[in-house]
Amino acid sequence: MLQIQARVVGRKKSFVPDWGIPIPEDWFDGGKAKTLKNLIALIVLHEVEAYNQRQKENEFLSFFSSQQINAQVASAGKVDFGEKAPQLAQSDQAVEVAIQAFIDGLYFVFIDEEQQTDLQTRVFVSDSSTVTFVRLVGLAGG
C-alpha cells in the first residue's frame with residue numbers, strides 16, 4: 001500500500017488521518033515510471049471512488065413513526081428527513097482541479113520526504129513509499 005498523508009502548514013495535527021491506496025500492477029509500464037501528474041491523478045481517482053462509494057452506502061430512505069414526527073414538529077416546527085443526498089463527485093473534474101491547484105501552488109507534494117516540483121517529473125514509488133500533500137494557507141490581510 002502506498003501511504004498518503006495530508007498536512008496543512010501551521011497546524012500541528014493532521015486534518016485527516018493518514019491512509020493508504022494500492023499501487024496498480026500496471027503502474028510501471030515495462031519498467032517506465034509514471035509522472036507526478038499520473039500519481040496525483042491516481043490518488044485523486046482512488047479517493048473519488050471511495051467518496052462516491054460512501055455516498056451510495058449512506059443513501060437510504062427513512063420513515064418515521066408518528067411519535068418521531070410529533071417530536072420533530074414539537075421541537076423544530078417541521079419534519080426533517082435529513083440532508084439531501086449529495087451529488088457524486090466527477091472523476092475527471094476532480095483530477096483537473098487537483099492538477100490546477102498544484103500548478104497554482106496551493107499545495108506541495110513530497111514523495112518519501114523529497115519535494116516534487118514538476119508535474120512531468122518521473123516518480124518512483126513502492127509499497128513502502130509515503131506521499132505527503134502539504135496544503136498552503138494564505139496569509140490574512142496580505
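Heavy atoms only: backbone and side chains are in, while hydrogens, waters and symmetry mates are out.
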Let me check something: do [X] and [Y] share a hydrophobic cluster, defined by ILVMFWY side-chain heavy atoms less than 4.5 Å apart, either directly or through other members?
X      : Y      : result
Val97  : Ile103 : no
Phe110 : Leu136 : yes
Val16  : Val131 : yes

For the CD atom on Gln93, are there more than 12 heavy atoms of other groups (residues, nucleotides or ligands in this structure) within a distance under 6.0 Å? no
[X] side, atom [atom1]; [Y] side, atom [atom2] - distance, nearest 0.5 Å:
X      : Y      : atom1 : atom2 : answer
Ser128 : Leu2   : OG    : CG    : 9.5 Å
Leu36  : Asp118 : CG    : CG    : 8.0 Å
Ile21  : Leu42  : CD1   : CG    : 4.0 Å
Leu119 : Phe102 : CG    : CZ    : 5.0 Å

Determine whether [X] and [Y] make a side-chain contact, defined as any pair of heavy atoms from C-beta on separated by less than 4.5 Å.
X      : Y      : value
Ile4   : Ile43  : yes
Trp27  : Leu39  : yes
Glu49  : Ser91  : no
Thr35  : Asn38  : yes
Thr117 : Gln115 : yes
Val134 : Val8   : no
Val9   : Arg135 : no
Thr132 : Val109 : no

Minimum heavy-atom distance Ser14-Ala6, with the two atoms named: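 The pair with the smallest heavy-atom distance is OG-O, 2.9 Å.
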Which atom pair, heavy atoms only, marks the closest approach of His46 to Pro22? NE2-CD, 3.7 Å
Kindly indicate, with the supporting measurements, whether the criterion ring-ring contact (aromatic ring centres under 6.0 Å, His included) is fulfilled by Phe108 and Phe133. CA-CA 6 Å; Phe108 294 143; Phe133 292 92; over 10 Å; no
Trace of the side-chain contact (heavy atoms from CB on, under 4.5 Å) decision for Leu45 with Val95: CA-CA 7 Å; Leu45 291 172; Val95 170; 3.7 Å; yes
Side-chain H-bond candidate by donor/acceptor type, Thr130 with Asp112, under 3.5 Å: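 Looking only at side-chain atoms, Asp112 and Thr130 do not form any donor-acceptor pair under 3.5 Å.
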Distance only, no hydrogens: is a donor on one side chain within 3.5 Å (strictly under) of an acceptor on the other, for Trp19 and Gln3? no
Within the side chain of Asn52, is there an N or O that forms a donor-acceptor pair under 3.5 Å with the backbone of Leu88? no
Would you mind checking if Arg7 and Asp18 are paired as a salt bridge, meaning a charged N to carboxylate O distance below 4.0 Å? yes
With side-chain contact (heavy atoms from CB on, under 4.5 Å) as the test, would you mind laying out the steps for Lys34 and Arg122 before giving the verdict? CA-CA 5 Å; Lys34 303 289 186 179; Arg122 297 245 180 238; 5.6 Å; no
